[in-house]
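First the structure, in the form of structure tokens, and then the observations on it.
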Amino acid sequence: SQELEQSPQSLIVQEGKNLTINCTSSKTLYGLYWYKQKYGEGLIFLMMLQKGGEEKSHEKITAKLDEKKQQSSLHITASQPSHAGIYLCGAGRMDSNYQLIWGAGTKLIIKP
Amino acid sequence: GAVVSQHPSRVICKSGTSVKIECRSLDFQATTMFWYRQFPKKSLMLMATSNEGSKATYEQGVEKDKFLINHASLTLSTLTVTSAHPEDSSFYICSAIAGPNNEQFFGPGTRLTVL
């Protein structure tokens, strides 16, 4: 079965610094989703990547999917307190049009 | 964008009682909704896929008689935790499919505490 591994599990970053979160799949990814969750709240959709080599940006967050479609990275530039939260990657399941499998999440703390 | 609401946001109940959680798509119709459970510091665990007008599809290991799902309309799915016990305490999140890329839009979650 397909598994998603996220790294690091947690990250403490000084405000203003850049950071990267990785999501690695044991199999080829067919649709990779990035979500953000604040503690005790629902998930907010950030970006979706489908094509090998694809890169998308939204404000200061950039997500990339590698050519082999087995790894995605989420990069935040000049981090701000509003970036704090848990970042989850999700991948489309081979046996379902809609269901996703999930990474364990990366907890991001921004130090002022 | 697509908005999904959940009610209640928090519920505390006594062991043995049943609790109903509602998931609504506010500005779109959702033929498919998902129910997840999230444990502290853990990822989302898919419990079941809720299909409008038909029976829910449960993931392996999830008791369908324990977690009753009803998707009676295109904007509402309900999850009823029957005879709740302390081990059912958790954060329950629903999502609905919308958009051209079949994105999942999540509700804000419901924190269930069973005493």
Side-chain angles (χ1 to χ4, degrees), chain A residues 1-11 21-26 29-51 54 56 58 63 65 85-109, chain B residues 1-11 21 23-26 30-52 56-60 62 89-113:
Chain A
S1 61
Q2 187 173 14
E3 293 183 354
L4 287 182
E5 187 173 320
Q6 275 187 247
S7 63
Q9 286 187 334
S10 63
L11 194 54
I21 298 169
N22 293 304
C23 177
T24 303
S25 172
S26 57
L29 291 162
Y30 293 93
L32 188 286
Y33 299 75
W34 282 102
Y35 285 83
K36 179 186 174 185
Q37 183 183 28
K38 288 197 177 282
Y39 178 73
E41 299 181 13
L43 280 68
I44 300 169
F45 173 76
L46 295 176
M47 276 171 277
M48 180 207 172
L49 304 166
Q50 279 187 306
K51 300 175 185 176
E54 187 174 7
K56 288 185 178 178
H58 176 67
L65 183 61
I86 299 169
Y87 289 82
L88 289 138
C89 64
R93 279 169 54 163
M94 287 286 292
D95 57 348
S96 168
N97 287 331
Y98 307 124
Q99 292 177 2
L100 301 179
I101 59 169
W102 296 91
T106 295
K107 183 176 181 180
L108 174 62
I109 297 171
Chain B
V3 179
V4 177
S5 71
Q6 269 183 254
H7 178 80
S9 58
R10 289 177 182 269
V11 56
I21 303 170
C23 178
R24 292 181 186 273
S25 56
L26 296 186
T31 56
T32 302
M33 291 183 172
F34 299 104
W35 285 98
Y36 292 89
R37 185 172 176 178
Q38 188 177 35
F39 295 96
K41 299 182 180 179
K42 298 285 186 181
S43 186
L44 298 170
M45 184 192 81
L46 178 65
M47 297 174 66
T49 302
S50 174
N51 302 298
E52 188 271 333
T57 305
Y58 289 83
E59 294 298 299
Q60 194 172 13
V62 178
S89 299
S90 193
F91 192 59
Y92 292 87
I93 308 178
C94 70
S95 70
I97 298 293
N101 296 316
N102 292 329
E103 296 150 21
Q104 286 193 36
F105 291 87
F106 286 81
T110 296
R111 170 79 54 195
L112 171 63
T113 303

Intermediate values then yes/no, side-chain contact (heavy atoms from CB on, under 4.5 Å), A:Phe45 and B:Gln104
CA-CA 8 Å; A:Phe45 173 76; B:Gln104 286 193 36; over 6 Å; no
Let me know if B:Gln6 has heavy atoms under 4.5 Å from chain A in its side chain, its backbone, both or neither.
neither
A:Leu43: which of B:Tyr36, B:Phe105, B:Phe106 passes side chain to side chain contact (heavy atoms under 4.5 Å, CB included):
B:Phe106
Contacting moiety of B:Leu44, where chain A heavy atoms sit under 4.5 Å:
both
So that I know where these two stand, are A:Trp102 and B:Phe34 an aromatic pair - ring centroids less than 6.0 Å apart?
no
Structural part of A:Gln37 lying under 4.5 Å from a heavy atom of chain B
side chain
Rounded to the nearest 0.5 Å, what separates atom CD1 in A:Ile86 from atom CD in B:Gln38?
6.5 Å
Counting only heavy atoms closer than 4.5 Å, note whether A:Gln50 contacts chain B via side chain, backbone, both or neither.
side chain
